[in-house]
Each structure stands twice: as structure tokens, then as C-alpha cells.
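A quick write-up on the structure given underneath.
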Amino acid sequence: MTRVSDAMPDTDRPNAARIYDYMLGGAHHFAVDRAAAAQMLERFPDAARAGHANRDFLRRAVEFCCARGIRQFLDLGSGIPTVGNVHEVARRHDPDVRVAYVDIEPVAIAYSREVIGDDPLVTVTRADLRRPQDVLAAPGVAGLLDRSAPVAVLAVASLHYVAPEDGLTAVVAAYRAALVPGSAFVMSHGSDDVDDEDAAAHIRELAEVMRHSATPAYVRTRAELLDALAPFELADPGLVDIRRWRAESDLPDAAVYGAVGLVR
Ligand SMILES: C[S@@+](CC[C@H](N)C(=O)[O-])C[C@H]1O[C@@H](n2cnc3c(N)ncnc32)[C@H](O)[C@@H]1O
């Protein structure tokens with residue numbers, strides 16, 4: 001497991017935050033990240049578009065949570081800031097929204113702090129999402145979010161980095177235990193358990209490239225994802241491809257499932 005105290009970026013190995021930033025057209029990546037992204041695009045030409053589809057899903061899910069009255073967000077694996085950051089989307093509904101961003105990647109943390117500046121309602125914390133108690137107790141999270149009121153936990157394209165031996169179900173259950181009724185858990189996750197065989201093969205190859213990175217990634221079956229989401233009541237339309245979660249699209253499935261779990 002990566003040591004959270006290592007605050008220098010690892011420039012020898014590619015990293016999820018920086019590869020994703022490259023795919024989205026950002027400027028915060030190193031040569032190793034671009035090389036890994038090129039390998040991915042060769043194997044999975046739709047990877048960049050799937051990244052944009054994921055950001056669209058994130059935006060729709062945040063808007064959905066805001067429409068339900070949620071005013072606090074804990075964004076796990078928030079990444080390098082790009083268009084449509086959570087606090088920007090949520091503030092269109094209410095300027096007093098609170099957002100706690102959490103990531104493990106030093107470049108993502110440094111740039112997030114630069115972008116956010118001095119904002120009393122937004123924090124940026126370097127922590128490991130696989131350690132829920134550490135995340136929840138971190139000053140940037142515990143000091144910002146009022147856990148007696150609803151919170152939306154966002155785990156958007158960030159649970160791939162929970163290894164099978166770390167236990168996804170236990171990690172999700174630990175966050176669920178911290179939420180009061182009215183809260184939500186937003187998840188998107190790559191899967192090779194999809195109808196389109198090409199997309200399934202592509203996403204397996206993408207995980208294979210990531211296996212050699214600083215942040216190894218794992219794809220999961222639909223049943224495994226539903227199992228992790230079992231503590232929640234899924235909002236319509238349930239766990240579906242991100243391109244079809246409360247949206248219509250002519251494009252093929254992204255091989256990434258998305259869902260919003262509600263705490264009743
Ligand atoms: C594919 S990006 C997703 C970014 C953003 N959530 C989105 O959907 O646009 C995955 C992010 O998870 C972060 N990450 C990976 N492992 C992590 C861990 N153990 N704890 C916290 N963040 C992690 C990476 O650094 C990266 O920023």
C-alpha cells in the first residue's frame with residue numbers, strides 16, 4: 001500500500017490522477033503518464049471519451065444530490081481539478097455548499113490547493129481512501145463536514161484502486177456507517193462484466209496497463225459492485241452504464257457502471 005506520508009510525486013511510475021488528467025486534456029502529467037496513456041489509447045481507443053463520460057456522470061450525480069437537498073460532499077479520489085469540479089457544480093444550487101476533497105496523489109493535492117485558494121467551505125486533504133477512519137478523522141474532513149446532517153460521499157472512478165484483498169465491501173460499509181439518513185453514496189467503477197465483448201476486453205487491458213503503475217487498478221463484476229452497494233437503496237435507474245445513468249446516449253457503453261445509493 002502507498003505510504004501517505006510520501007509527499008513527493010512519483011515521477012518514475014505512471015499514476016492514475018495524472019494519466020486521467022492527460023486523457024481529459026489537462027496539463028499536469030509527466031512523460032511516464034503520457035506513455036501509459038498512449039498504451040491505453042492504443043488498446044482502448046475510447047478511453048479518453050470514457051473519461052469525459054465519467055466527468056458528465058459526476059456532474060449529473062452531484063446535481064441529483066443537490067436536488068435532494070444535500071449540501072455537503074466528501075469527494076474520495078477527487079483527482080486533478082478540471083472542468084466541472086464538484087464545488088463549482090454544487091454552488092450553482094447553493095453557494096454555501098461544503099466540499100472536502102481527498103486524494104492520495106501529491107500533484108492532485110498541490111494543484112487542487114492552488115485552484116481552490118483560500119475558501120473556508122472547501123478543503124483538500126491528502127489521505128488514502130482505503131482507510132475510511134483516517135479519512136473521516138482528518139482535520140480537513142472532520143473539521144468541515146457536519147456528520148449529523150446529510151453528506152454525499154463521491155467515489156467516482158476511484159474504487160478501482162481498492163485491491164481485492166483490501167475488501168471493497170468493507171471499505172464502502174465503513175463510509176456508510178458514517179452517514180445519516182438523507183445522505184448518498186455515488187459510485188462509478190470500470191467493469192469487464194458488460195454485454196459488449198470488445199469493451200470488456202478493452203477495460204481488462206486498461207487495468208493491465210495500470211497494474212504496473214503507482215496506483216494498480218482492478219475491474220469488478222456487476223455482482224461485486226452491487227454487493228458493495230447493498231447497504232444503500234439505489235436511486236433510479238440503479239447500477240447502469242455511466243452513459244445511461246439519467247441520460248441518453250447513442251454511444252456504446254463505456255464499460256463503467258454508475259449508481260447513486262441513498263441512505264434511508
Ligand atoms: C480516475 S481518477 C478519478 C478522478 C475523479 N474522481 C473523477 O471521477 O473525475 C482516480 C483518482 O483516485 C485517486 N486515488 C487512487 N488511489 C487512491 C487512494 N488509495 N486514496 C485516495 N485517492 C486515490 C487517484 O490519485 C486519482 O486522482
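Indexing begins at 1, ligand by ligand and atom by atom, following the structure's order.
The option from V186, I104, L159 that lies nearest to atom 23 (C) of ligand 1, judged by heavy atoms, is I104. By heavy-atom distance, the residue among S213, G77, A163, P81 lying nearest atom 5 (C) of ligand 1 is G77. Looking at A108, A16, G79, A157, it is A157 that brings a heavy atom closest to atom 10 (C) of ligand 1.
The nearest protein atom to atom 2 (S) of ligand 1, hydrogens excluded, is given as Y20 CD2, 3.7 Å; this is a heavy-atom distance. Counting protein heavy atoms only, atom 20 (N) of ligand 1 is closest to L129 N, 2.9 Å. At the shortest separation from atom 19 (N) of ligand 1 among protein heavy atoms lies D128 OD1, 2.8 Å.
Salt bridge D119/R91: present, at least one basic N to carboxylate O contact under 4.0 Å. Between E197 and R204, at least one side-chain nitrogen of the basic residue sits less than 4.0 Å from a carboxylate oxygen of the acidic one, meeting the salt-bridge criterion.
In this structure, the side-chain contact (heavy atoms from CB on, under 4.5 Å) partners of Y20, at least two apart in sequence or on a different chain, are L24, N54, R55. Applying the side-chain contact (heavy atoms from CB on, under 4.5 Å) criterion to E114, with sequence neighbours excluded, gives Y111.
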Stepwise side chain to side chain contact (heavy atoms under 4.5 Å, CB included) check, V260 with W245: CA-CA 9 Å; V260 176; W245 190 85; 3.3 Å; yes
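Distances shorter than 4.0 angstrom do not occur between any heavy atom of G51 and any atom of ligand 1. Contact analysis puts D103 in contact with ligand 1, with a non-hydrogen atom separation below 4.0 angstrom.
By the 4.5 Å heavy-atom criterion applied to side chains, V153 and S183 are not counted as neighbours.
Those atoms of ligand 1 with a heavy atom of R130 less than 4.0 angstrom away are 19 (N). Of all atoms in ligand 1, numbered sequentially from 1 with element shown, those under 4.0 Å from a heavy atom of E105 are 25 (O).
Of the polar atoms of V156, at least one N or O is found under 3.5 Å from an N or O of ligand 1, judged by distance alone. Between Y161 and ligand 1, a contact under 3.5 Å exists for no N or O pair. Ligand 1 has no nitrogen or oxygen under 3.5 angstrom from a nitrogen or oxygen of N15.
Screening V107, T82, D33 against H28 for a side chain to side chain contact (heavy atoms under 4.5 Å, CB included) leaves a single residue, V107.
Of all the heavy atoms of N54, the ones lying under 4.0 Å from any atom of ligand 1 belong exclusively to the side chain. Contacts between A127 and ligand 1 below 4.0 angstrom, taking non-hydrogen atoms only, involve the backbone exclusively. With a 4.0 Å heavy-atom cut-off, ligand 1 is reached by no atom of H160.
Residues V263 and V180 come closest through the heavy atom pair CG1-O, 3.6 Å.
Linking ILVMFWY residues whenever their side-chain heavy atoms come closer than 4.5 Å, directly or via other members, places V62 and V122 in the same cluster.
Between the CG atom in N15 and the NE2 atom in H29 there is a gap of 12.5 Å [rounded to 0.5 Å].
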